[in-house]
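For reference, the structure is listed below as structure tokens.
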Amino acid sequence: MTDGNGLLSARLLVVAFEGWNDAGEAATGAVRALKELLDVAEIAQVDPEVYFDYQFNRPTIATNEDGRRLIEWPSAIMFGPTTPGAAGAPLAEDAQLRVSGTNAGNIYLLLGTEPSRSWKGFAAEILDAALAADVSAIVFLGAMLADVPHTRPISIFVSSDNPEVRAELEIERSNYEGPVGILSVLAEAAEKVGIPTLSIWASVPHYVHNAPSPKAMLALIDKLEEIIDVVIPRGNLVAEAAEWESGIDALAAEDEEMAAYIAQLEQARDTVDSPEASGEAIAQEFERYLRKRGDGQGGWADGRPGPDAPRAP
């Protein structure tokens with residue numbers, strides 16, 4: 001956690017988008033959980049007519065609390081604290097009700113659907129809203145499908161292109177090269193206008209097709225709380241994550257091929273996590289694992305390779 005004086009101790013914008021960056025709905029699920037816990041209100045919204053192809057991101061229809069049928073359009077909405085800068089209530093008073101901590105009143109949220117077009121214009125509009133709100137840093141949440149076992153802690157990768165953020169948090173710069181989503185476009189645009197950024201990614205087991213993934217949501221929230229100056233109630237997420245894992249265990253118990261594959265993933269993960277593992281041993285284990293797999297690529301929610309694909313350190 002920060003010491004309260006760093007880059008991430010002032011006004012933060014936490015961002016997640018549905019789509020390519022959101023395997024298991026983990027990133028958007030985490031931000032929605034924050035929205036329910038924080039005292040926030042809508043402060044900006046993009047015009048969906050400009051950025052979305054409705055044949056690709058179709059509007060949905062739902063019934064509201066008054067019984068009216070309404071069409072909901074894909075969009076991106078920024079939320080801000082109703083009382084900016086106000087500290088959250090002491091943890092003992094509301095640990096199960098709301099986000100607490102000295103920075104709780106400085107958290108802004110951006111939640112939406114990845115746009116279909118005009119990404120540069122979209123990024124410019126979002127950053128104009130962030131600058132108008134005096135946002136001092138942006139935290140991007142993402143999730144991707146990867147060759148990881150559901151029985152182990154969810155792998156989290158934290159990175160930043162900003163040297164000051166990397167020095168403050170002692171994290172790395174991503175060395176991924178390849179196709180990107182809207183998060184990367186927004187991050188580059190933010191850095192250009194002087195807003196430092198940080199990315200937190202969760203690796204979701206690719207063989208688990210049912211969404212959402214509460215265990216990945218929980219992992220993202222755990223890491224977010226560790227980095228910024230807040231305490232975030234977990235609500236039912238801990239129990240839901242346990243049920244999610246138990247459900248997959250039950251499926252694997254009835255499928256020998258799936259169980260054997262999960263055992264291979266566990267062996268590879270345990271080798272990497274072992275305190276006595278050397279870089280050479282980890283590399284050899286991954287080589288054996290990749291030969292068995294044939295392809296060995298972790299990837300994004302649509303199956304394309306992602307930045308946290310298994311690789312030897």
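When a residue number appears, it is its place in the shown sequence, counting from 1. Since we're looking at a predicted model, the values are computed, not measured.
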Please find the pair of heavy atoms, one from [X] and one from [Y], that lie closest to each other, and give the distance.
| X | Y | result |
| --- | --- | --- |
| Gly181 | Asn21 | CA-OD1, 3.6 Å |
| Met78 | Ile126 | CE-O, 3.9 Å |
| Leu13 | Ala130 | CD2-CB, 4.3 Å |
| Val238 | Arg234 | CG2-CB, 4.0 Å |
| Ile195 | Ala137 | CG2-CA, 3.8 Å |
| Pro205 | Pro149 | CG-C, 4.1 Å |

By the definition side chain to side chain donor-acceptor pair (under 3.5 Å), identify the one residue from Glu245, Glu243, Glu240 that meets it with Lys215. Glu245
Non-hydrogen side-chain atoms of [X] and [Y] separated by less than 4.5 Å:
| X | Y | value |
| --- | --- | --- |
| Leu198 | Ile171 | yes |
| Ile182 | Val185 | yes |
| Ile43 | Tyr108 | yes |
| Val148 | Ile154 | no |
| Glu164 | Pro196 | no |
| Thr197 | Val165 | no |
| Trp244 | Leu218 | no |
| Leu265 | Arg152 | no |

Under a single-linkage definition using a 4.5 Å side-chain heavy-atom cutoff for Ile, Leu, Val, Met, Phe, Trp and Tyr, are [X] and [Y] assigned to the same hydrophobic cluster?
| X | Y | value |
| --- | --- | --- |
| Tyr51 | Phe56 | no |
| Trp73 | Leu70 | no |
| Val193 | Leu110 | yes |

Determine whether Glu226 and Lys223 satisfy the following criterion, salt bridge (charged side-chain N to carboxylate O under 4.0 Å, His left out), listing intermediate values before the conclusion. CA-CA 5 Å; Glu226 178 185 328; Lys223 181 56 67 172; 3.2 Å; yes
Over 12 non-hydrogen atoms of neighbours within 6.0 angstrom of [atom1] in [X]:
| X | atom1 | result |
| --- | --- | --- |
| Asn64 | CG | yes |
| Glu172 | CD | no |
| Glu42 | CD | yes |

For the residue pair Asp22 and Thr28, confirm or rule out a side-chain donor-acceptor distance under 3.5 Å. yes
Polar side chain donor-acceptor pair, Arg269 to Thr151, under 3.5 angstrom: no
Glu114 and Phe122: CA distance, side-chain angles, deciding distance, side-chain contact (heavy atoms from CB on, under 4.5 Å) verdict: CA-CA 10 Å; Glu114 186 175 62; Phe122 180 87; over 6 Å; no
